[in-house]
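Worksheet: one structure, shown below.
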There are 2 protein chains.
Amino acid sequence: MNDIFYDILNRVKEKGYKLTPQRKAVVLAILNHDHMHLNTEEIYALVKEEYPKIGLATVYRTLIVLDELDVITKMNFDDGCIRYEINSETHQHHHLICRNCGKVIEVMEDLLDDIEAMVEEKYQFKIIDHNLKIYGLCKHCLDNQ
Amino acid sequence: MNDIFYDILNRVKEKGYKLTPQRKAVVLAILNHDHMHLNTEEIYALVKEEYPKIGLATVYRTLIVLDELDVITKMNFDDGCIRYEINSETHQHHHLICRNCGKVIEVMEDLLDDIEAMVEEKYQFKIIDHNLKIYGLCKHCLDNQ
DNA sequence: TAAAAAATGTCATTCATTGTCCATATCTCC
DNA sequence: GGAGATATGGACAATGAATGACATTTTTTA
Ligand SMILES: [Mn+2]
Ligand SMILES: [Mn+2]
Ligand SMILES: [Zn+2]
Ligand SMILES: [Zn+2]
């Protein structure tokens, strides 16, 4: 975990961005709330606890930088805002989204090898990443019908 | 094609919505530009040619109705607006998005049976639909490097 | 054709995100 | 450690897609 933190800080520095306490605080907030799919306002609220003077625009700007550096990925769960997630070295995991209660469930299994092989061959498309959302009804909503 | 058009009109009527010329014009504009992933402004511009008095809010409202009726699907290609697509009876197709030029390529092959079977069994999740975006570099951008 | 209900057009408003500006903090090099 | 060059932060304004409000018009159905 600390490894990841310092690796990210290094990437920020290497690309010529300055290492400010605000940027460190944003990175920490995201790292400490992995798999929670925070949006900008939520990250802002978290950072503000430790760093009350920070401005919302700074959080937005930091997220733009982190996205550019491939540190985070933008996620859209159709709820009117962008949410963020730490990028893992491997491919992005998938998300199940309940059409009834809105719950988001993560699926770590990849299982996209077939389609990726087909895409690279048939479409001559060099794959960098993917994003799979599966919509449906979660167990809880099925049971309570 | 005409079948699809009248089928959609019937669905609008069956659900208790009125069949207005504005709604017909919006449906036609989408049908006549299938696979083009139009956004609201683009649909508005198209409808305005035949129906100059229509208001933008009417187009937005019509799209909300069509989405509710499962006639169309909202698409997000990370370009700051929602784009729309006619829903086919079968599962939604996939999209390849070029990280260099932004081109969107459609992939009609499904190839998600494995992962869907796994999700339904392991997560007890009743699948309704899915949305797969694959990011990478298109053939053209690879060749011109 | 007319009454009732719903939809349209216009305009204002919301709200996430981005731009502007200048004081301030960071980094480099000594 | 400190000075200087330069990027960054904070405050606030601005943007723009999307939605809300409401008076007027259109559709439906009898
Ligand atoms: Mn996730
Ligand atoms: Mn498509
Ligand atoms: Zn649910
Ligand atoms: Zn390309």
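Just so we're on the same page: letters track the sequence lines, and every chain starts at 1.
Summarising the geometry, the separation between NZ on A/Lys48 and C1' on D/dG10 is reported as 10 Å, rounded to the nearest angstrom. We find that CG of A/Asp79 is positioned 13 Å from P of D/dT19, with the value rounded to whole Å. Here the P atom of nucleotide C/dA7 and the NZ atom of B/Lys18 are 6 Å apart, to the nearest Å. In this structure, CG of B/Leu56 is placed 9 Å from P of D/dA17, rounded to the nearest angstrom. In this structure, A/Ile82 atom CD1 and C/dC15 atom P are separated by 17 Å, rounded to whole Å. Between B/Asp78 atom CG and C/dT17 atom P there is a gap of 12 Å when expressed in whole angstrom units. In this entry the distance linking CG of A/Leu66 with P of D/dT8 reads 12 Å, nearest Å. Going from atom CD of A/Glu68 over to atom C1' of D/dT8 covers 15 Å, rounded to whole Å.
In this structure, A/Thr58 does not reach the D/dT8 phosphate: none of its side-chain N or O atoms is under 4.0 Å from OP1 or OP2. Side-chain nitrogen and oxygen atoms of A/Thr20 include at least one within less than 4.0 Å of the OP1 or OP2 phosphate oxygen of D/dG9. OP1 or OP2 of D/dT19 has not a single side-chain nitrogen or oxygen of B/Tyr60 nearer than 4.0 Å.
The A/Thr40 side chain lies nearest to C/dT17 when the options are C/dG9, C/dT17, C/dC27. For B/Leu19, the side-chain atoms get nearest to D/dT28 when compared with the rest of D/dT8, D/dT28, C/dA16. For B/Arg23, counting side-chain heavy atoms from C-beta on, the closest listed nucleotide (D/dA17, D/dT8, C/dT8) is C/dT8.
In the model, B/Tyr135 has a side-chain atom that pairs as donor or acceptor with a side-chain atom of B/Asp78 under 3.5 Å.
Nearest approach of A/Cys98 to A/Cys138, heavy atoms of both residues: SG-N, 3.5 Å.
On a pure distance criterion of 3.5 Å, no polar donor-acceptor pair joins the side chain of B/Lys53 and the base of C/dT8. Taking only distance into account, the side chain of A/Arg61 meets the base of D/dG10 through a donor-acceptor pair shorter than 3.5 Å.
Both A/Asn39 and A/Gln22 lie close to DNA chain C; mapped to their nearest nucleotides by heavy-atom distance, the more 5′-ward contact belongs to A/Asn39. Positionally, the nearest nucleotide of DNA chain D for B/Cys81 lies more toward the 5' end than for the other of B/Cys81 and B/Pro21.
A/Tyr44 comes within 4.0 angstrom of no nucleic acid atom, judged by non-hydrogen atoms across all strands. Residue B/Ile64 is classed as a sugar-phosphate contact, given heavy-atom separations below 4.0 Å to backbone atoms only.
Heavy atoms from other residues, nucleotides or ligands lying under 6.0 Å from CD of A/Glu50 number 12 at most.
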Task: Test side-chain hydrogen bond (donor to acceptor under 3.5 Å, both in side chains) applied to B/His35 and B/Glu106, step by step - done: CA-CA 8 Å; B/His35 305 294; B/Glu106 300 198 323; 2.6 Å; yes
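A side-chain contact (heavy atoms from CB on, under 4.5 Å) with B/Tyr44 holds for exactly one of B/Leu56, B/Thr58, B/Leu63; it is B/Leu56.
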